[in-house]
J.: 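Handing you a structure now.
The residues of the chain are indexed from 1 along the displayed sequence. Predicted, not measured: the structure shown is a model, and the values here were computed from it. We use all heavy atoms of the structure for the numbers below, so side chains are in, but hydrogens, waters and symmetry mates are not.
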Amino acid sequence: MERKPTAAAAAAAMAVVGVLLAVSVVPSDGAVLTVGDALGWTIMGSPNYTAWAESKTFHVGDTIVFSYAKSFHNVVEVNKTNYNACNSSSPIATYATGNDSITIKHKGHYYFICGFPGHCDAGQRVDIKVSKLSSPSPSPSPSPTASSTSLPGSPTTSASSGISPTATNSGTKAVPTVLAAIIAVFCFAATSGGFVRQE
């Protein structure tokens, strides 16, 4: 006797497919935090970046976004000494797109200043401290190395930075291929009558 799928089996299969599609994309590990919140990265309005950073908890995997007018500002990652001196002449990395997303790769301090004359002294600098109690981090990947030639507006990064520039942050991860294959097999079995008992 040949098995034929019933309406109930087809409905069940469609429900399973709907649930699997709903969970096929999961949120990313880290939060996305915009430096200065609504004010962004600026000297206008006298934002207090120290207070902003102290009000946040940063973790490995978080993405820090610097939003600013690129004609008037930039973002320069520096070491602690250059941060305290407002010195941008020896940067770890420089960003100048006006909307820079930087993903934190390990715990510790990250020091950022604006390299435009007088801006750091006016308070446009932030010390981002990544807690020792950070969430589990993905396995480390090598950081890009600085190049002697870079395109205008492209970030330059040193190998010791510990952060990676991110062009976009979709906030999602794709489902692994193995899970997709299991879903496909399950859907085929459900729709071909494999889960329907005929009497």
Side-chain angles (χ1 to χ4, degrees), residues 25-80 82-88 91-138 140-141 143-144 146 150-158 160-174:
V25 177
V26 294
S28 67
D29 293 336
V32 177
L33 300 137
T34 300
V35 176
D37 294 324
L39 285 176
W41 185 241
T42 184
I43 55 174
M44 302 301 291
S46 301
N48 184 337
Y49 294 111
T50 301
W52 176 84
E54 288 173 354
S55 74
K56 309 293 182 203
T57 302
F58 301 97
H59 300 284
V60 171
D62 286 352
T63 299
I64 308 304
V65 177
F66 289 85
S67 182
Y68 56 94
K70 65 182 182 177
S71 300
F72 302 105
H73 307 286
N74 64 7
V75 178
V76 180
E77 184 185 2
V78 294
N79 63 27
K80 183 177 182 178
N82 287 331
Y83 175 82
N84 290 331
C86 285
N87 180 1
S88 63
I92 294 169
T94 300
Y95 306 91
T97 68
N99 190 28
D100 303 312
S101 296
I102 303 166
T103 303
I104 296 179
K105 296 289 187 183
H106 59 77
K107 58 190 169 200
H109 284 267
Y110 298 93
Y111 302 99
F112 299 97
I113 65 175
C114 180
F116 278 59
H119 289 203
C120 177
D121 291 320
Q124 195 174 8
R125 62 185 183 166
V126 64
D127 170 5
I128 294 180
K129 182 180 180 190
V130 181
S131 171
K132 289 184 179 183
L133 301 174
S134 294
S135 59
S137 63
S141 60
S143 299
S150 61
L151 299 173
S154 297
T156 55
T157 318
S158 96
S160 64
S161 170
I163 58 174
S164 65
T166 307
T168 59
N169 181 10
S170 65
T172 59
K173 293 181 182 178

J.: Which heavy atom of A96 sits nearest a heavy atom of K70, and at what distance?
T.: O-CB, 3.7 Å
J.: Taking disulfide (SG to SG under 2.5 Å) as the cut-off, I'd like each qualifying pair that reaches into residues 35-65, sequence neighbours left out, listed once.
T.: none
J.: Taking salt bridge (Lys or Arg N to Asp or Glu O under 4.0 Å) as the test, write out the residues that go with K56, two or more places apart.
T.: D37
J.: Counting C-beta onward and ignoring hydrogens, is there a side-chain heavy-atom pair between S131 and K107 closer than 4.5 Å?
T.: no
J.: Do V75 and T94 have side-chain heavy atoms sitting under 4.5 Å apart?
T.: no
J.: Quick check: closest heavy atoms across P47 and T42, and the distance to 0.1 Å?
T.: CG-O, 3.3 Å
J.: The criterion is side-chain contact (heavy atoms from CB on, under 4.5 Å); which residues satisfy it with T57, sequence neighbours excluded?
T.: H59
J.: Okay, side chain of N74, backbone of Y95: is any donor-acceptor separation there less than 3.5 Å?
T.: no
J.: Taking the side chain as every heavy atom from C-beta outward, state whether W41 and V126 have any pair of such atoms under 4.5 Å apart.
T.: yes
J.: Go through it in stages, so that I can follow the logic: the residues are V65 and V32, the test is side chain to side chain contact (heavy atoms under 4.5 Å, CB included), and I'd like the CA-CA distance, side-chain angles, deciding distance and then a yes or no.
T.: CA-CA 7 Å; V65 177; V32 177; 3.6 Å; yes
J.: How far apart are the closest heavy atoms of Y110 and I104, and which atoms are they?
T.: CE1-CG2, 3.6 Å
J.: Taking distance alone, no hydrogens or angles, what donor-acceptor pairs closer than 3.5 Å link side-chain atoms of residues 111-122 to residues at least two apart or in another chain?
T.:
| from | atom 1 | to | atom 2 | distance (Å) |
| --- | --- | --- | --- | --- |
| H119 | ND1 | H73 | ND1 | 3.1 |
| H119 | ND1 | Q124 | OE1 | 3.1 |

J.: Do you know the tightest heavy-atom contact between P91 and V78?
T.: CA-CG1, 4.4 Å
J.: Within the structure provided, determine whether D62 and L33 are in side-chain contact (heavy-atom separation under 4.5 Å).
T.: yes
J.: Please answer whether the main-chain N or O of T97 pairs with a side-chain N or O of Y68 as donor and acceptor at a distance below 3.5 Å.
T.: yes
J.: With heavy-atom distances below 4.5 Å as the criterion, would you say the side chains of K129 and F58 are in contact?
T.: no
J.: If you round to the nearest 0.5 Å, how far is OG1 of T34 from CG of N99?
T.: 8.0 Å
J.: Kindly write out the residues that satisfy side-chain contact (heavy atoms from CB on, under 4.5 Å) with N84, not counting sequence neighbours, or none if the list is empty.
T.: K80
J.: How many angstroms lie between atom CD of E77 and atom CG of D100, to the nearest 0.5 angstrom?
T.: 12.0 Å
J.: Can you tell me how far apart OG1 (T103) and CD1 (I64) are? Round to the nearest 0.5 Å.
T.: 8.5 Å
